[in-house]
Structure formats: C-alpha cells, structure tokens
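Contents: one structure, followed by commentary.
Residue numbering restarts at 1 for every chain, and letters A, B, ... go by the order of the sequence lines.
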Amino acid sequence: MILYGYKNFLNADAYRADTVGELARLYRLVSQLEGYHAAVAELPKLRARLSEADAQLRQLQAAPVPADKKGQESHKKSLKQRSSEQAGLREEIGSLERKIAGVEGDAALATLARQHPRIAEEARLETSRLHAGDPTNTALWREFMPACQAALDRMYDRLGIHFDLTLGESYYQPGLASVVASLKERGLAVESDGAICVFIAGVEAPFIVQKRDGAFTYATTDLATIADRVDRLQADVVLYVVDARQADHFKLLFATARQWGYTGVDLRHVSFGTILGDDRRPFKTRSGDTVGLESLIDEAVVRARQIVDGNETQKANGPELDDAARAGIAEAVGIGGIKYADLSQNRETDYVFSWDKMLALTGDTATYMQYAYARVCGIFRRGQIDRAELRRNGGRVVLEHPAERGLALQLARFHEVLDAVIFDYRPNLLTDYLFALSNLFSTFFEQCPVLKAESSELRVSRLLLADLTAQTIHRGLHLLGIETIEKM
RNA sequence: GCCCCCGUAGCUCAGUUGGAUAGAGCAACGGAUUUCUAAUCCGUCGGUCGCGUGUUCGAAUCACGCCGGGGGUACCA
C-alpha cells in the first residue's frame, strides 16, 4: 500500500520533512480508498440481505404463534435471531455508509477514488512485485526502511526495550519460494482456486502460502521463520505474543509446521485480549485512528511531572530536586504506569482503553510500588545505612509485630510467584504479588519505626526486612520492564 | 453455517491445577500527619459470581442447556 501510495500520491516536501509521517499518511490514504471501493461494492449486497431479513421478520411476526410450548419457544427464538441479524446488518450498512460518505463528502478524496478504481488489486500487485525482486520497488523499500526503523528504535529506546536479534520479514524472503516448494513436494500444499494452500484436517479455512498473484503471505514467512529458528538457532520454544484474534492463524501455522516435520519444538501462541475503544469496538492499529503510543507516553509523563512539581513545592524544607531529577522521575513514573496498566490485567481478557486507567498514579499502579521502593531508600539515606554492610553483618530477622510477619511471609513467596508467571506467561500474577508486597510494606512502614526501633536488634531486623523488600520490588519491577527511583 | 472468547460490587478488573466467611483498585463516606516520603495508612458501604440442571464431601472454577455481548472465518499485511 505504501509503495502504491508513494507512486501515486506522494507529497515530496512532506516526505523530505517527515518521511515516516508522510509514509503513514500514504498508508492511511490508500487504505481509505480501498475501503471506499470495497464498501461501494459491498453495500448493495448488504442492502439486499437486509430487505430479505426484513421480509423474513415480517413473515415471522405475521405467522400465528404455535399452540404448543415447544413451538412457542422455537418461534420466539427465531424471532430473536432474525431481529438481531437485522440489527447487525443495519449497523454494518451504517458503517459502510459512513465510510463512503467520508470519501464522497471530500471533493479531493472523491476525485482520487474515481481515478483509482482498482486500487486494491494494484496495491497488492506492488507487493508481489517487491516479493519478485522488482528493482524499483526494492530500491524504494531500501529507502523507506531506515527511517521507519529509526522511528521504531526511538520508541523502543524510550521504553527501555532491547533486542538480542532482530530479523525483519525481508530476511526470510529469499527462502519463501523453497518453503512452498518443500510443502508441495511433501504433498502438504496443493493448488486451490489458483492459490497454493495447506489444508488441515478439521479446519475449513485454508492456510494460504502463496496467493494467486504469486505473492507470499505471512503464513509463508511464519513457516520460514520456524524453520530458521529451529534449524539455525536451535530453538526449543517459540512464543508468539499476539492478539487473540489471530488464534486461527496460529492453529493452522502450528499444525502445518508439525506436519512439515517440526515436531520437537514447543510453539505457543501467548494470546492477549483485544484493546477496545470507548464504544467497546476493537482498536484497529492499521486504520491509524488509534491513540498513538507516543502521545500516550507524553501525556503520562506530563501528568507525572505535575505531581512531582506539586510535591516539591509542598516540602517543608523547600524543593529538593532539580529539573533533571524531576524529569527523570516523571519519565520513570509515566512510562512505568503505562506498562503496569497493560501488564496487570489478565492477558486474555479484552480491555477497554481508558486514559484514566493508563495514567492513574494512585492505587494499584506502578507508582505505588515505585513509591514504596523510594520510601525504603529514604530510610537508608536518612539513617546513613550501608546496605552491603548490613547484609554482611548477618543480623537476625525477628517477627513479633503482625506487620513484620505479614511482610516477611510475602517476601518468602517471591519464587513461587515467578514460577507461576513463567508457567503460563502471566505477568499479572507478578503485578498482583508486587502490589500486595508494597501494600504490606506500607502498613509496616506506618506501624513499625525502623530507624527509631526500640532496640538495636529490632532496628537491624527491620532494616533487613526493608532491604529485602526493596530488592524484591526492584527485581519484580525490573522483570516487568519498569524502573525504580531512589527519590520521588 | 462453522470455530473461539467473555458475563464476578456503581465502574475497571483479580480469582493459579474445584477447597474455608468470593478479593483488589477506583468512586462514596468516616478517621489518621510534632515521629523514617500522606503518590500513604486504617475503617465503613457495596456481590442471587448472567440463568438453570447436573457431577462432587465441596463449584465463580468442571459438564450440558438457555439468555446476553464480542471476535474470527480463502488470497489484507
């Protein structure tokens, strides 16, 4: 789509000024025009289905209600089904009409749509040309990639995400033809309606490894990836952290891979729920109308900064933190909050996107744990305690106060939680644990003076508990990719 | 049509392989700060775990049925 957009709709100035932004615009534009034509083609069919559904519904309503109970129930049921079908069709039609109006209501867009009636096929053709090694498209792709990669790297960098090894789709491209050939050779892939497909017993949908126009698909790349990871990297587990809606794809992929001979590798779809908008409809990342990650992060950091500044002005002895320190705290708190919001929900549950949830700084949030950690650091700083020395001196932990006991029990459970997290790839178990731990620490902090403990033995014991708490929070948050801060 | 997921407090969600009076956060309300950071703590209010039947000593959890909501389903990448 981007290739087609570049060749037909490029704004050269915008491309020079903001390459990625312009490419994104082109993608959205082509996607919109494609959607327009698809909607125009689809609309009459849907309208026909709707009038059919209307007629059926009227017929049902006019029909006499059966005398027997069973008949009544089935009558009621089909009535309900019909009207729900009718409502569904109306909704779909409305959505298509809006799509069409969006283009036709804009003179420039309407003209473009008229000039590019076969945009969908032609855009696809650009992809298959690229796959076939077309020099122009390959050169363009080489031109686009660095800018896009740089934009991604900036985000990953800000989020503290690092990769051991990155291989894009292009890495596998040279091997795709032989994947298809190998599947054919084994009798796994057959031609169907001009496409090369693998059919898996019990699944109606085909697994298309090569389209009618010759282009390969994600299915082909995914198979080539499995082969590479097993043959070259000797992977024994491969995890796919992908939206639950791709479940069918992975079912077919894994089944095909096994039949292809890759039986010794554990292939797992670690699926996660769909992110829904306020209307409870899925966010569609490709349509480009979602909340951008960057603006989400910026907003989170701004809000965190407001709290930091507010706290600083309220301090009895005047502000302690300079601008750089405050900025660092705001970044850690803002980004940590977003990561935590995402990781603290059961990954399989769909969730409604909410700014408030993403940006909350009180209650069950990353901030809560970061704050508990900073409070421990405050104790050591205030008491001028050398933590390494404390650990070396080997004092005893005594548990007399209920708050001490509760905290210690929770600390001892850390390893169990990590086992459970790894077992089924459920980070929310770790967030639950850390929240409970931090909560127990806060209670302990309120009720058990550490530096001013009644005896030196008790003081050492409580210092050890505080130290362990900080270490555990630090490790736990670190595993979630969330930073800790010494002062907040 | 076929396949998959969900329904737990006003809201957002936990609830590990079935195990004790079903838990949090937010919201609401009431308290706590001369003492290590109040981004905090303590408390109150709030639930027929969608409905029914079954399996079990025991079900939010398992089975079946029903009601309600959502998603996927041949050439998009």
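Within the structure, every side-chain polar atom (N or O) of Arg245(A) is placed at least 4.0 Å from both OP1 and OP2 of rC5(B). One finds a side-chain N or O of Thr443(A) lying less than 4.0 angstrom from the OP1 or OP2 phosphate oxygen of rC42(B). At least one side-chain nitrogen or oxygen of Arg124(A) sits closer than 4.0 Å to the OP1 or OP2 atom of rC76(B). Of the side-chain N and O atoms in Lys357(A), none sit less than 4.0 angstrom from OP1 or OP2 of rG25(B). At rC6(B), none of the side-chain N or O atoms of Asn346(A) fall inside 4.0 Å of OP1 or OP2 (strictly under the cut-off).
For the C1' atoms, the distance from rU21(B) to rG58(B) is 15 Å, rounded to whole Å. A gap of 47 Å separates the C1' atoms of rA20(B) and rG1(B), to the nearest Å. The C1' atoms of rG47(B) and rG10(B) are separated by 11 Å, rounded to the nearest whole Å. Spacing between rU8(B) and rG72(B) at atom P, rounded to whole Å, works out to 22 Å. Comparing the same atom, P, in rG70(B) and in rC13(B) gives a spacing of 16 Å after rounding to whole Å. Here the separation of rC45(B) from rG23(B), taken at their C1' atoms, is 16 Å to the nearest Å.
Atom CD in Glu446(A) sits roughly 10 Å away from atom C1' in rU37(B) (whole-Å rounding). We find that CG of Asp248(A) is positioned 5 Å from C1' of rG72(B), with the value rounded to whole Å. When the C1' atom of rC36(B) is taken as reference, atom OH of Tyr373(A) falls 16 Å away, rounded to whole Å. Computed from coordinates, the Glu92(A) CD to rG70(B) C1' distance equals 14 Å when rounded to whole Å. The separation between Glu121(A) atom CD and rA74(B) atom P is 18 Å, rounded to whole Å. Distance, Glu348(A) CD to rG7(B) P: 12 Å, rounded to whole Å.
Salt bridge annotation for Arg49(A)-Glu52(A): absent, with no cationic side-chain nitrogen under 4.0 angstrom from a carboxylate oxygen.
Within 4.0 Å (heavy atoms only), Arg426(A) reaches no atom of the nucleic acid at all. Here Lys487(A) lies in heavy-atom contact (under 4.0 Å) with a base. Contact annotation for Ala374(A): base contact, defined as any heavy-atom pair under 4.0 Å involving a base atom. At the heavy-atom level, Ala195(A) lies under 4.0 Å from base atoms of the strands shown. Within the nucleic acid shown, Asp213(A) has no heavy atom closer than 4.0 Å to any nucleic acid atom. Thr367(A) comes within 4.0 angstrom of a base, heavy atoms only. Across all strands shown, Phe445(A) has heavy atoms under 4.0 Å from base atoms, whether or not it also approaches the sugar-phosphate. Using a 4.0 Å heavy-atom criterion, one finds that Phe216(A) contacts no nucleic acid atom at all. Note on Thr349(A): only backbone sugar-phosphate atoms sit closer than 4.0 angstrom, heavy atoms only; bases stay farther off. Using a 4.0 Å heavy-atom cutoff across all strands shown, Asp424(A) reaches no nucleic acid atom at all. At a threshold of 4.0 angstrom between heavy atoms, the contacts of Cys448(A) include nucleobase atoms, whether or not backbone atoms are also involved. Contacts of Gln345(A) with the nucleic acid, taken as non-hydrogen atoms under 4.0 Å apart, involve only primed sugar atoms and P, OP1 or OP2. At the heavy-atom level, Glu312(A) lies nowhere under 4.0 Å from the strands shown. Val308(A) comes within 4.0 angstrom of a nucleotide base, judged by non-hydrogen atoms across all strands.
Relative ring orientation between His116(A) and Phe9(A) is described as perpendicular, the plane-to-plane angle rising above 60° on a 0-90° scale split at 30° and 60°.
Side-chain atoms of Asn311(A) come within donor-acceptor range of the base of rA39(B), with a qualifying N/O pair under 3.5 Å.
Minimum atom distance to the side chain of Arg382(A) is reached by rC36(B), of the listed rC36(B), rU73(B), rC41(B). Listed candidates were rG71(B), rC26(B), rC41(B). Nearest to the side chain of Tyr368(A) is rC41(B). Closest contact between the side chain of Asn428(A) and the listed nucleotides rG15(B), rG1(B), rU35(B) involves rG15(B).
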* Under the side chain to side chain donor-acceptor pair (under 3.5 Å) criterion, do Tyr218(A) and His249(A) qualify, and how do the steps go? -> CA-CA 10 Å; Tyr218(A) 267 180; His249(A) 170 76; over 6 Å; no

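With rounding to the nearest 0.5 angstrom, the OG atom of Ser128(A) is 9.0 Å from the CG atom of Asp134(A).
Counting only N and O atoms by type, the side chains of Gln306(A) and Arg303(A) include no donor and acceptor under 3.5 Å apart.
When ring centroids are compared, Tyr172(A) and Phe216(A) stay outside the 6.0 Å threshold. Ring pair Tyr340(A)/Tyr368(A): centre-to-centre distance not below 6.0 Å.
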